[in-house]
Asker: 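Handing you this structure, nothing more for now.
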There are 4 protein chains.
Amino acid sequence: MSARNPKRRSEAASPKRPVVNRASAGKGGVREARSAERRDAILAAALEEFAANGFAGTRLDDIAQRAKIAKGTIYLYFADKETLFQELLRAMFAPIVRALEHIPKSDMPTRDILERMIGLFVQEVLGTRRKDVIRLIIAEGPRFPKLAEFHYREVLSRVMAAMSALMARAIARGEVKNQAYAKFPQLLAAPGLVAVIWSGLFERFAPLDVAAMMRAHLDIVFGERKTP
Amino acid sequence: MSARNPKRRSEAASPKRPVVNRASAGKGGVREARSAERRDAILAAALEEFAANGFAGTRLDDIAQRAKIAKGTIYLYFADKETLFQELLRAMFAPIVRALEHIPKSDMPTRDILERMIGLFVQEVLGTRRKDVIRLIIAEGPRFPKLAEFHYREVLSRVMAAMSALMARAIARGEVKNQAYAKFPQLLAAPGLVAVIWSGLFERFAPLDVAAMMRAHLDIVFGERKTP
Amino acid sequence: MSARNPKRRSEAASPKRPVVNRASAGKGGVREARSAERRDAILAAALEEFAANGFAGTRLDDIAQRAKIAKGTIYLYFADKETLFQELLRAMFAPIVRALEHIPKSDMPTRDILERMIGLFVQEVLGTRRKDVIRLIIAEGPRFPKLAEFHYREVLSRVMAAMSALMARAIARGEVKNQAYAKFPQLLAAPGLVAVIWSGLFERFAPLDVAAMMRAHLDIVFGERKTP
Amino acid sequence: MSARNPKRRSEAASPKRPVVNRASAGKGGVREARSAERRDAILAAALEEFAANGFAGTRLDDIAQRAKIAKGTIYLYFADKETLFQELLRAMFAPIVRALEHIPKSDMPTRDILERMIGLFVQEVLGTRRKDVIRLIIAEGPRFPKLAEFHYREVLSRVMAAMSALMARAIARGEVKNQAYAKFPQLLAAPGLVAVIWSGLFERFAPLDVAAMMRAHLDIVFGERKTP
DNA sequence: GATGAATGAGACTTCATTCAT
DNA sequence: GATGAATGAAGTCTCATTCAT
């Protein structure tokens with residue numbers, strides 16, 4: 001339930017209700033296509049607005065306006081503001097998780113794998129609204145227990161496990177000396193979090209060369225010492 | 001525009017307005033003492049509520065109730081909700097910054113200094129509501145530009161500078177090999193950020209042994225490899 | 001500053017915002033018709049309430065109740081209380097000004113013209129809420145500089161100019177002896193103001209026969225002396 | 001009872017309560033003198049504020065500040081805001097009424113008497129805050145029936161009666177031709193009202209030469225025709 | 001008597017949600 | 001399915017009035 005909007009009328013509303021597509025249950029119907037388009041437009045607009053204003057600070061009116069639909073239309077696709085919010089965050093991470101789980105299967109040197117992951121991170125997270133989504137989760141997590149739980153279960157735990165495995169293998173191979181990285185994969189990911197936060201809040205005052213920092217980080221992890 | 005007096009009052013109102021205690025500027029006045037008490041009570045209540053619900057999600061009513069005062073009383077001490085919020089964050093960090101700036105003056109081994117700082121961090125930040133305040137800043141920063149700026153100027157830039165100097169010294173002394181820590185003090189602090197976020201969001205699902213992680217982090221920084 | 005979105009919205013908001021009916025700009029839409037109806041209902045209710053209680057003394061709640069709409073609906077038609085107030089006064093006088101400017105074009109004796117104007121005044125001002133609107137302007141003018149300016153520009157200056165011209169003609173024709181009426185059309189209108197004020201405040205204690213007073217006034221203007 | 005402030009706590013408060021002077025019932029006590037001074041200071045401050053902001057728009061806080069006393073002190077001298085308001089208006093007119101009733105006793109020509117009255121009016125009403133008080137009565141009268149009644153009874157009816165008598169005498173003496181002035185003394189006073197209103201609202205846009213207008217008015221009353 | 005901090009009813013305004021068209 | 005006008009609960013802020021000091 002929302003932090004501040006105690007779900008006034010509906011009380012025990014329909015659990016999800018993507019209502020859409022009732023008659024046109026065929027596969028490639030025009031209706032269906034248009035419907036999916038709308039849904040995406042709403043999600044895209046919602047992303048912008050939530051990222052900029054937070055959950056409580058975003059007005060459905062603004063989302064509708066940005067998506068060029070009527071306010072009421074949102075309710076045809078999402079049960080309420082909170083559902084929209086959570087579906088949005090959910091949708092944002094699905095592709096990233098898939099991508100991350102696919103990379104490490106190869107047999108290339110761990111450092112190369114990590115460099116690829118960092119590239120992905122810089123491009124797909126720092127370079128997009130996703131970095132704001134991470135901030136949103138940090139910001140609103142405590143008020144949306146389900147949200148935090150979902151992200152732990154679906155994203156974090158998997159990413160952490162993957163990293164842990166990756167580092168264990170690297171340690172076993174002798175690529176990495178310090179065993180701590182297998183036990184605390186957070187240490188591997190920490191600079192990424194710093195990058196996300198910094199870019200969202202302090203970029204303006206002191207730009208951070210994220211690529212360089214990440215490279216330096218890898219140097220530390222792999223025990224090399226570059227002389228810049 | 002106000003209902004009663006189309007343009008009057010505040011506009012470019014008094015910058016702070018603790019209004020209270022103008023005439024009774026004696027030293028130990030009862031009024032004065034009680035006034036400070038109230039102010040603190042409000043700040044304490046505000047901390048709890050803001051930490052739990054964010055800025056927009058917090059009701060002044062709840063703060064008043066928690067502080068056991070009337071709603072209107074808040075306005076005797078703070079001009080409005082936003083001012084209260086900012087003063088709160090400001091007040092929370094003053095002591096920490098002071099403490100951090102005092103530690104590194106000694107001549108003890110850098111690792112000892114860092115361990116002491118970490119101890120302070122664990123006790124005074126992770127062990128208190130301050131960790132939530134950090135989350136608040138992350139969460140609300142983009143919507144309160146002044147807030148982000150203030151914290152960059154008053155807290156972050158100083159802490160980063162201090163850390164950078166500390167690491168430069170450690171490198172010069174040969175305690176630390178990797179020069180990156182002087183250039184990117186963020187790498188030193190990153191696990192602390194992880195700890196804050198993790199404790200606020202995921203502790204429930206997977207407790208994180210912060211102390212152990214921090215120790216492991218120091219081991220990495222100082223090139224030791226403990227076998228746990 | 002708003003609780004939710006520190007600075008956003010209105011600021012230098014839409015100048016008027018009848019918001020309603022953007023897409024449905026067809027000619028005789030049902031929506032459109034009902035919308036105009038509502039707006040009028042709100043204005044009518046506002047008239048009653050403002051006339052009875054003044055600007056600061058009127059609650060939007062009461063206006064809504066009288067108009068049989070929800071409080072929030074008012075804001076679909078008017079940006080805020082002040083805008084509603086000013087639009088109301090504006091709307092009340094448009095027809096009167098038009099009417100007054102149309103009368104004097106004829107070539108009938110000046111006295112007849114004035115008698116007609118007085119008839120209009122008695123019927124359309126004294127006989128309606130408009131007399132209260134005049135009192136409202138007198139009462140609130142100093143606190144709403146724009147209001148006073150608007151009414152001077154749009155109503156008073158025109159009415160005064162028209163009267164001045166009328167009296168100049170009457171003097172040229174020999175209908176009126178005293179030249180002062182052209183220079184101080186206020187002397188011609190003064191009894192009308194008295195009638196408005198008196199009817200609003202003292203009618204109860206001492207009824208004033210406005211028609212008789214106005215007739216006596218005309219007798220003075222035109223130098224006749226009726227024996228009653 | 002106030003229009004908007006339904007007398008919250010006291011309900012059936014003490015009817016008047018000028019409380020002051022309990023022990024020091026002597027005549028020239030220092031206490032007493034200081035007390036009267038305070039009361040006057042409050043009234044003076046109240047005059048400024050009410051004149052500028054109307055009844056509902058004035059804050060007791062501002063009155064207190066202007067009078068350089070504490071807010072609570074006002075309640076030692078006046079039962080509540082409304083009482084203060086009414087006492088103020090009452091106090092403002094006592095001297096004027098006395099003055100007006102004293103003038104016409106002489107046997108000088110009526111025109112001279114009227115000129116003197118006009119002088120008094122210009123100096124003591126138009127030239128002071130009293131003109132604003134008249135506007136206040138017009139503005140707030142309908143919401144304070146007692147106020148309107150009081151002013152009708154104590155001020156208006158007397159002034160009207162005095163004028164009526166004066167004009168009856170002038171007519172009997174042949175100084176004034178038109179008998180209407182005895183029946184409608186309002187016609188005699190009307191330009192004064194115009195002057196008050198105009199000076200309060202429109203002076204800024206179009207200054208009005210009140211003295212000249214009044215002279216022209218007298219010319220009309222006395223059937224003279226000055227060529228300016 | 002005087003003070004001014006405290007109170008709390010109530011005003012304006014916003015916005016998630018509903019529903020007639 | 002889509003629209004957007006309407007609703008009304010709830011939030012922030014104000015200020016007349018009280019009362020402990």
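Chain letters run A, B, ... following the sequence lines, proteins first, then strands; residues in each count from 1. Computed over heavy atoms, backbone and side chain alike; hydrogens, waters and symmetry mates excluded.
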Asker: Using the benzene-type ring in the case of Trp, are the ring centres of C:F85 and C:F144 under 6.0 Å apart?
Answerer: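 Yes, ring centres under 6.0 Å apart.
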Asker: Kindly point out which of F:dA16, E:dA5, F:dC13 is positioned nearest to the side chain of B:Y77?
Answerer: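 From the listed options, E:dA5 comes nearest.
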Asker: Looking at C:E82 and C:R143, is any side-chain nitrogen of the basic one under 4.0 Å from a carboxylate oxygen of the acidic one?
Answerer: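 Answer for the salt bridge query: no.
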Asker: Is the phosphate of E:dA20 approached by C:R34 (side-chain N or O, under 4.0 Å from OP1 or OP2)?
Answerer: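 Answer no for this pair, as no side-chain N or O of C:R34 is under 4.0 Å from OP1 or OP2.
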Asker: Taking Watson-Crick and G-U wobble pairs with both distances under 3.5 Å, convert DNA chain F into its dot-bracket string, 5' to 3', dots for unpaired and | for cross-strand pairs.
Answerer: .||||||||||||||||||||
Asker: Just to verify, what does A:A46 make a side-chain contact (heavy atoms from CB on, under 4.5 Å) with, not counting sequence neighbours?
Answerer: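 Partners of A:A46 by the side-chain contact (heavy atoms from CB on, under 4.5 Å) criterion, ordered by chain and then number, come out as A:F50, A:I63, A:L84, A:L88.
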Asker: Could you list the residues that satisfy salt bridge (Lys or Arg N to Asp or Glu O under 4.0 Å) with D:D40, not counting sequence neighbours?
Answerer: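 Listed in chain order: nothing, the list is empty.
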Asker: Without decimals, in angstroms, what is the distance between B:L84 CG and F:dT12 P?
Answerer: 11 Å
Asker: Which residue, D:G72 or A:G72, contacts DNA chain E at a nucleotide closer to its 5' end, judged by nearest heavy atom?
Answerer: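 Residue closer to the 5' terminus by nearest nucleotide: D:G72.
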Asker: Between E:dT17, F:dG11, F:dT18, spot the one nearest the side chain of B:R59, thanks.
Answerer: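 Taking heavy atoms from C-beta onward, the closest nucleotide is F:dG11.
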Asker: With a non-hydrogen cut-off below 4.0 angstrom, is C:I69 in contact with a base, only sugar-phosphate, or nothing?
Answerer: sugar-phosphate
Asker: Give the nucleotide from the list E:dT17, E:dC12, F:dA5 with an atom nearest to the side chain of C:L60.
Answerer: E:dC12
Asker: List in chain and number order the residues that pass side-chain hydrogen bond (donor to acceptor under 3.5 Å, both in side chains) with A:E48, two or more places apart in sequence or in another chain; answer none if no residue qualifies.
Answerer: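 Applying side-chain hydrogen bond (donor to acceptor under 3.5 Å, both in side chains) to A:E48 gives A:R129.
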Asker: Rounded to whole angstroms, how far apart are OH on B:Y75 and P on E:dG10?
Answerer: 18 Å
Asker: For B:K71 and for D:A70, find the nucleotide of DNA chain E with the closest heavy atom, then tell me which residue's nucleotide is more 5'.
Answerer: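 That would be D:A70.
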Asker: Round to the nearest Å and state the distance from A:I63 atom CD1 to F:dT3 atom P.
Answerer: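 A:I63 atom CD1 is separated from F:dT3 atom P by 15 Å.
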Asker: If you assign C:R38 and B:T73 each to the DNA chain F nucleotide with the nearest heavy atom, which residue ends up on the more 5' nucleotide?
Answerer: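 Checking each residue's closest nucleotide, the 5'-ward one belongs to C:R38.
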Asker: Provide, to the nearest angstrom, the distance between the CG atom belonging to C:D61 and the P atom belonging to F:dA10.
Answerer: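 It works out to 15 Å between those atoms.
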Asker: A:Q65 versus A:D61: any side-chain heavy-atom pair under 4.5 Å?
Answerer: no
